[in-house]
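This report concerns only the one structure given below.
Keep in mind that this is a model prediction, so the values were computed, not measured.
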Amino acid sequence: MKPYVILNAAMTLDGKIATHTGSSEISGKEDLKRVHRLRRECDAIMVGINTVLIDNPRLTIHKIKADKSENPTRIVVDSKARTPLNSRILNKEAPTIIATSKSAPKERIRKLSQKAKIITTGNKKVNLKKLMAELKKMGIKKLMLEGGSTLNFSMLKEGLVDEVRVAIAPMIVGGVKAKTLVGGQGIPYMKDAIKLQLKKYHTLGKDLILEYKVLKSQK
Ligand SMILES: NC(=O)C1=CN([C@@H]2O[C@H](COP(=O)(O)OP(=O)(O)OC[C@H]3O[C@@H](n4cnc5c(N)ncnc54)[C@H](O)[C@@H]3O)[C@@H](O)[C@H]2O)C=CC1
Ligand SMILES: Nc1nc(O)c(N)c(N[C@@H]2O[C@H](COP(=O)(O)O)[C@@H](O)[C@H]2O)n1
């Protein structure tokens, strides 16, 4: 049992979700409104620790009108409990969960537990399947995965993503070190690629929105 997971991101035409310096303002203002409407539909938003360290995101609904009570729960996948105590994700605008592993230092867990709920799964890194099961038990039915590149790969590889929604901005930045929509170790052979089915597409301002269903592998 797991929540229904929607991976959402904005990328340039060359598939980058940030430049090599970490700059990532890609979506146009219309797309940001779409993203925040999607946030409002979800019970939780999940990101990887690097996204927190680089972007210091709020992960609340703040580009459209919404009541504070509508903010989804924020989740950081943070094996070693590195989330800075002054990060915006730990403010009082919404509940926060820090998903850690057994390798996290006890003292960091103690400090973070004063500001967030801690869920520990996995030995060295977070066990995403177990985390998803825990979240479902807690009543999280619909989860928005908001990156970054490394976490997107792990979630797709584990078969935990149900839908992929991307905004393609009419921009190209290049750079071998610039993060792409899906990074991680990658899949060695094209025959083993994660297969998708295009369900919807439309333009939104200057961006092109593509919505895919993830096809479950027959392994
Ligand atoms: N344009 C967009 O829509 C978005 C862009 N970004 C950008 O993505 C970049 C960050 O991406 P990444 O560096 O790839 O980091 P990430 O945000 O995906 O975090 C990855 C880290 O999560 C931790 N982790 C723990 N357990 C894990 C597991 N089982 N699987 C995977 N990761 C696990 C590891 O420490 C790992 O290095 C930033 O520059 C950010 O701005 C992030 C979100 C959306
Ligand atoms: N959809 C989308 N478009 C972009 O251009 C982006 N840079 C992102 N980034 C994601 O949104 C987070 C920032 O959220 P707040 O505005 O601080 O609430 C950022 O950390 C990425 O996860 N997404």
Side-chain angles (χ1 to χ4, degrees), residues 2-11 16-19 21-27 31-32 34-63 71-101 104 108 112 115-122 125-132 134-136 138 140 142-158 160-167 178-184:
K2 68 167 201 72
Y4 186 82
V5 176
I6 303 172
L7 186 167
N8 186 85
M11 66 182 203
K16 310 294 188 187
I17 59 165
T19 66
T21 65
S23 154
S24 63
E25 298 83 6
I26 297 170
S27 294
D31 185 53
L32 285 175
R34 178 193 64 82
V35 170
H36 284 244
R37 283 195 297 272
L38 181 57
R39 284 184 180 183
R40 193 169 53 189
E41 280 173 31
C42 292
D43 303 306
I45 306 177
M46 187 170 89
V47 295
I49 179 61
N50 290 353
T51 294
V52 169
L53 296 176
I54 295 167
D55 295 351
N56 193 15
R58 280 187 270 179
L59 301 186
T60 54
I61 306 161
H62 57 87
K63 300 282 186 204
N71 281 330
T73 295
R74 302 170 292 191
I75 304 163
V76 188
V77 177
D78 181 11
S79 309
K80 298 199 162 49
R82 292 186 292 149
T83 301
L85 292 167
N86 61 355
S87 53
R88 297 207 284 186
I89 207 154
L90 293 173
N91 66 22
K92 293 193 162 63
E93 288 172 27
T96 302
I97 293 173
I98 308 289
T100 59
S101 72
R108 289 291 308 158
L112 283 169
K115 296 189 167 202
K117 180 177 169 61
I118 311 288
I119 298 182
T120 305
T121 59
K125 63 179 189 175
V126 172
N127 180 320
L128 295 169
K129 277 197 176 129
K130 287 189 178 157
L131 173 64
M132 289 300 117
E134 277 301 311
L135 295 175
K136 184 71 199 275
M138 286 172 58
I140 293 173
K142 195 167 175 182
L143 183 147
M144 183 174 175
L145 172 61
E146 281 214 56
S149 184
T150 311
L151 183 62
N152 287 349
F153 176 72
S154 297
M155 286 289 290
L156 283 161
K157 185 79 188 4
E158 298 272 6
L160 296 170
V161 179
D162 299 283
E163 267 185 55
V164 176
R165 298 187 189 179
V166 284
K179 301 273 167 165
T180 57
L181 177 66
V182 183

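- Looking only at side-chain heavy atoms (C-beta outward), Val5 and Met132 come within less than 4.5 Å of each other.
- Here the closest non-hydrogen pair linking Lys136 and Pro3 is CD-N, 3.9 Å.
- Side-chain N or O atoms of Arg108 include one that pairs as donor or acceptor with a backbone N or O of Ala81 at under 3.5 Å.
- A distance of 12.5 Å separates CE in Met144 from CD1 in Ile75, rounded to the nearest 0.5 Å.
- The nearest pair of heavy atoms linking Pro72 to Cys42 is CB-O, 3.5 Å.
- Contact of the Thr83 side chain with the Lys115 side chain is not registered, since no non-hydrogen atoms from C-beta on lie closer than 4.5 Å.
- Under the 3.5 Å distance criterion, the side-chain polar atoms of Ser79 are matched with a main-chain donor or acceptor of Val126.
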Exercise. Under the side chain to side chain contact (heavy atoms under 4.5 Å, CB included) criterion, do Lys117 and Thr73 qualify, and how do the steps go?
Worked result: CA-CA 10 Å; Lys117 180 177 169 61; Thr73 295; over 6 Å; no
Output a table of donor-acceptor pairs, distance under 3.5 Å, between side-chain atoms of residues 43-56 and any protein atom two or more places apart or on a different chain; print 'none' if there are none.
from  : atom 1 : to     : atom 2 : distance (Å)
Asp43 : OD2    : Lys141 : N      : 2.9
Asp43 : OD2    : Lys142 : N      : 2.9
Thr51 : OG1    : Gly148 : N      : 3.2
Asn56 : OD1    : Arg88  : N      : 2.8

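- Looking at Asp31 and Ile26, their side chains never come closer than 4.5 Å, going by heavy atoms from C-beta outward.
- Ionic pairing of Asp162 and Lys2 is present here: one or more N-O contacts between side-chain nitrogen and carboxylate oxygen are shorter than 4.0 angstrom.
- In this structure, CG on Leu128 lies 6.5 Å from CG on Leu160, to the nearest 0.5 angstrom.
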Problem set entry | Stepwise side chain to side chain contact (heavy atoms under 4.5 Å, CB included) check, Ile119 with Met138 | CA-CA 11 Å; Ile119 298 182; Met138 286 172 58; 3.7 Å; yes
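- Looking at Lys130, its side chain never comes within 3.5 Å of a backbone N or O of Gly122 through a donor-acceptor pair.
- The only member of Ile89, Asn91, Leu90, Thr96 that meets side chain to side chain contact (heavy atoms under 4.5 Å, CB included) when paired with Glu93 is Asn91.
- A distance-only check finds no donor-acceptor pair linking the side chain of Ser24 to the backbone of Ile17 [under 3.5 Å].
- Between Thr121 and Leu131, the shortest heavy-atom contact is CG2-N, 4.0 Å.
- Thr100 OG1 to Lys125 NZ: the interatomic distance, rounded to the nearest 0.5 Å, is 15.0 Å.
- Asn152 places a side-chain N or O within 3.5 Å of a backbone atom of Leu181 that can act as its donor or acceptor partner.
- Judged by distance alone, with hydrogens and angles left aside, the side-chain atoms of Arg39 form no donor-acceptor pair with the main-chain N or O of Asn71 at under 3.5 Å.
- Note that CG of Leu151 and CG of Asp78 are 11.5 Å apart. Values are rounded to the nearest 0.5 Å.
- Taking both residues in full, the closest heavy atoms of His36 and Ile61 are given as ND1-CA, 3.6 Å, listed atom of the first, atom of the second, then distance.
- Between the side chains of Ser23 and Thr21, not a single donor N or O lies within less than 3.5 Å of an accepting N or O.
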